[in-house]
2 protein chains.
Amino acid sequence: MTHSDTKTRILDCAEQMFAREGFHNTSLRNLTTLAGVNLAAVNYHFGSKEELLQSVMERRMLPLNEIRQTKMREVTKQARELDALPAAAELLRAFVVPTLEFKNSSPGARDFITLIGRSLSDPDETVRHCFLTLALPTFKTLFTGLEEALPEIPSEILLVRMQFIMGTLSHVMCTSHQHFFHSPEFPQPLTPNALIEQLMIFIQAGLEAAR
Amino acid sequence: MTHSDTKTRILDCAEQMFAREGFHNTSLRNLTTLAGVNLAAVNYHFGSKEELLQSVMERRMLPLNEIRQTKMREVTKQARELDALPAAAELLRAFVVPTLEFKNSSPGARDFITLIGRSLSDPDETVRHCFLTLALPTFKTLFTGLEEALPEIPSEILLVRMQFIMGTLSHVMCTSHQHFFHSPEFPQPLTPNALIEQLMIFIQAGLEAAR
DNA sequence: ACCCGTTTTAAACAAGTGTTTAAATAAACA
DNA sequence: TGTTTATTTAAACACTTGTTTAAAACGGGT
């Protein structure tokens, strides 16, 4: 077993267990057993359980942020070339769609999305801080983009609406695989793609609401 | 110290700690120390830590559900008397406003709202199940009310939109006291009442979106 | 005063926690 | 090849977890 083999096996299993059982409910003994590595490997390769969480988040957040930032900048840049305002809907798409499509990008990405979808409201300060440090610059890009796209909406209103959008998105990220309402009393759930389109319609309408 | 004194002191502290530290991150030793009762009191009065969680949730969920159900039924009943469709916005208000105003109803209610706001996406099956069992009938009432109010929207679309609303609401419930974006780069947050009104505007627009 | 059911208490239980250690092994380079 | 890093291993460490136990204290009724 090579060096990076052990590290990525730990990262993969940590991602899965942190997402499915929660960070605090995951013990290093269960984690290392599932990964097929020695108990001490986590502390040797990552330092501590918390630093492992940070590595789990960084591994996929950095590439995901890169994608979202690029797409958002494309939208604003193309608008400037046409001397027009960027469309709020396109900015939202540039942020939301890559995030949700990220689930299909690799086997563990689905768990990763669940994990970060829960991070904003996690009771543990460590988890929240770890996530926010990675996410804030991207949030900021979205916010300034939206300010440019919707100059008629006051900034403080725009901010809460963006927070509402983050709430909706987080909820979809960490509950889309659950089945609260999967009972005969409720209609069938939508397909993943239809869900994304419905989410876009919902948040765009909310963002641009009059009044 | 009377019987109910010990029980309510445990309930109050459990509510606070489960909300602020999380269910699994709260130890019965810290909890009973904070409550000023003996360690064994939890198991004596409630049976187990999980049954304590259930009691914490039931204590306030049952009255809150009563309020929301009554208000929602009032809306549909008044509409029927006028031979008109109930207004979706009023149904939403009947569900959302009592929920968020519940925070000010008593000292611990703020923590309670944080706790149940996180329950839908909690990694622990026990927590989710405990909450959903209590919440599902009220969700169902809202859903059938909305079906009546918006007959032109297909049921499966209506359901996802209601889930989006729950996501937004949950996020507001458990993060409104946090301060992600409280930095000079972002505008000042709104007052609690303004936040509620903005939330109503947002979710109503999303719910009734065309297309 | 006594009795009896309820409640509180301190102690112990068995199991689990993240982390550290020092010895054993493997890999890399000379 | 031998030597030096890098990695893996099993064991121990110190501490925390939820729960149970049996004795003590309390409170109301007769």
Side-chain angles (χ1 to χ4, degrees), chain A residues 1-59 115 119 122-130, chain B residues 1-59 115 119 122-130:
Chain A
M1 188 184 302
T2 74
H3 166 188
S4 67
D5 222 30
T6 302
K7 279 190 86 163
T8 60
R9 287 174 68 155
I10 291 174
L11 285 171
D12 289 343
C13 290
E15 182 171 65
Q16 185 185 118
M17 297 191 74
F18 290 170
R20 300 184 190 181
E21 332 273 345
F23 176 66
H24 278 286
N25 215 11
T26 299
S27 81
L28 292 184
R29 277 169 183 80
N30 288 340
L31 170 39
T32 50
T33 303
L34 181 66
V37 302
N38 188 271
L39 169 62
V42 167
N43 292 277
Y44 177 76
H45 286 288
F46 297 94
S48 67
K49 192 185 174 185
E50 290 197 354
E51 287 168 285
L52 171 59
L53 174 68
Q54 177 144 356
S55 296
V56 167
M57 288 195 166
E58 279 176 355
R59 178 173 64 152
L115 179 64
S119 298
D122 200 282
D124 190 326
E125 233 281 320
T126 311
V127 177
R128 283 202 310 272
H129 180 266
C130 183
Chain B
M1 188 182 301
T2 74
H3 165 186
S4 68
D5 223 28
T6 302
K7 279 191 86 164
T8 60
R9 288 173 68 152
I10 292 174
L11 284 171
D12 289 343
C13 290
E15 183 172 64
Q16 184 184 118
M17 296 190 74
F18 290 169
R20 299 184 190 180
E21 331 274 344
F23 176 66
H24 278 286
N25 217 10
T26 298
S27 82
L28 292 184
R29 276 170 184 80
N30 289 341
L31 170 38
T32 50
T33 302
L34 181 65
V37 303
N38 188 270
L39 168 61
V42 168
N43 293 277
Y44 177 76
H45 285 287
F46 297 94
S48 68
K49 191 184 175 187
E50 289 197 355
E51 286 168 286
L52 170 60
L53 174 68
Q54 176 145 355
S55 296
V56 167
M57 287 196 166
E58 279 176 356
R59 178 173 65 152
L115 179 64
S119 298
D122 200 282
D124 190 323
E125 232 282 318
T126 311
V127 178
R128 283 202 311 272
H129 180 265
C130 183

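Just so we're on the same page: letters track the sequence lines, and every chain starts at 1.
- Base pairing of C/dA30 is not made with any nucleotide, judged by Watson-Crick or G-U wobble geometry with both donor-acceptor distances under 3.5 Å.
- Using a 4.5 Å cut-off on side-chain heavy atoms (C-beta onward), A/Gln54 and A/Phe46 make no contact.
- The side-chain heavy atoms of B/Asp12 and B/Arg59, taken from C-beta on, include a pair separated by under 4.5 Å.
- Look at OH on B/Tyr44: it is 16 Å from P on D/dA22, rounded to the nearest Å.
- Per the geometry, CD belonging to B/Glu50 stands 11 Å off C1' belonging to D/dG18, to the nearest Å.
- Taking side-chain N and O atoms only, B/His45 has no distance below 4.0 Å to OP1 or OP2 of C/dT6.
- A straight line from CG of B/Leu39 to P of C/dT7 spans 18 Å, rounded to a whole angstrom.
- At the phosphate of D/dT8, OP1 or OP2 sits under 4.0 Å from a side-chain N or O atom of A/Thr6.
- In this structure, B/Phe18 and B/Leu52 have side chains that are in contact, with non-hydrogen atoms separated by less than 4.5 Å.
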Using atom names, set out every protein N or O paired with an N or O of nucleotides 14-17 of chain C below 3.5 Å, distance rounded to 0.1 Å.
residue : atom : partner : partner atom : Å
C/dT17  : OP1  : A/Ser27 : OG           : 3.2
C/dT17  : OP2  : A/Ser27 : OG           : 3.4

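- Considering every non-hydrogen atom in both A/Pro123 and B/Gly22, the closest pair reads CB-N, 3.7 Å.
- When the P atom of C/dT8 is taken as reference, atom NZ of B/Lys7 falls 11 Å away, rounded to whole Å.
- Of the candidates B/Leu34, B/Leu115, B/Asn25, B/Leu34 is the only one forming a side-chain contact (heavy atoms from CB on, under 4.5 Å) with B/Met17.
- Distance, A/Glu51 CD to C/dT20 C1': 15 Å, rounded to whole Å.
- Taking atom CG of A/Asn38 as the reference point, atom P of D/dT8 lies 9 Å away to the nearest angstrom.
- With a 4.5 Å cut-off on side-chain heavy atoms, A/Met57 and A/Ser119 count as touching.
- The two residues B/Asn38 and B/Thr32 make their nearest non-hydrogen contact at O-CG2, 3.6 Å.
- When the P atom of D/dT7 is taken as reference, atom CD1 of A/Ile10 falls 12 Å away, rounded to whole Å.
- Between D/dT20, C/dT20, C/dT7, one nucleotide has an atom nearer to the side chain of B/Asn43 than all others, and that is D/dT20.
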